[in-house]
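Quick notes on the structure that follows.
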Amino acid sequence: MRALAAVALALMTGVSGGSPPGTQAIRIDVRYSRFLPAVVSVRAGQTVRFEIANLDPVAHEFVLGTPAEQLAHERARAASHDGVPGQATLGVGESKAVTWTFTRPGTLVYACHRAGHYAFGMAGTVRVLPGA
Ligand SMILES: [Cu+2]
């Protein structure tokens, strides 16, 4: 697993350089069916590139949305989230980037909806603070 993490880190370092100016990069590791960090803070108006690395031996998802949208995802699980804005499916050892522009202050959630994962607590919080 240590070697896998090193490879994922190298991959992420390689892609980080391509972000457009003004984009804030936030690295999120997935380990033991948890998001690390589990809380991030951004500013309204900010474009964020979430660089997500799945370090677990099972597939996971990164699905950004309101708490109500997360419940809807729980009721109707999608087989894949790739190609959907704000979402990604991460296979074993995969790293992917999700770019999102936060338009207004509030609280959003990133979560995984593989069976049982959300109930286990596989979710994180985005605190969107008022813009500068
Ligand atoms: Cu998961």
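Keep in mind that the numbers below use all heavy atoms, side chains included, and drop hydrogens, waters and symmetry copies. Counting starts at 1 for both ligands and their atoms, in listed order.
- Here the two rings, on His113 and His81, have centers that are 6.0 Å apart or farther.
- For Glu94, the side-chain hydrogen bond (donor to acceptor under 3.5 Å, both in side chains) criterion is met by no residue, not counting sequence neighbours.
- Minimum interatomic distance between Val109 and Ala123 (heavy atoms only, all atoms of both residues): CG1-CB, 4.1 Å.
- Under 2.8 Å from the Cu ion (ligand 1), one finds the following protein N/O/S atoms: His60 ND1, Cys112 SG, His117 ND1, Met122 SD.
- For the pair Arg127 and Phe102, the NZ or CZ position fails the cation-pi test of under 6.0 Å to the six-membered ring centre and within 45 degrees of the ring normal.
- When every heavy atom of Ala88 is checked against every heavy atom of Lys96, the shortest pair comes out as CB-CD, 4.2 Å.
- Separating the SG atom in Cys112 from the NE2 atom in His73 is a distance of 11.5 Å, to the nearest 0.5 Å.
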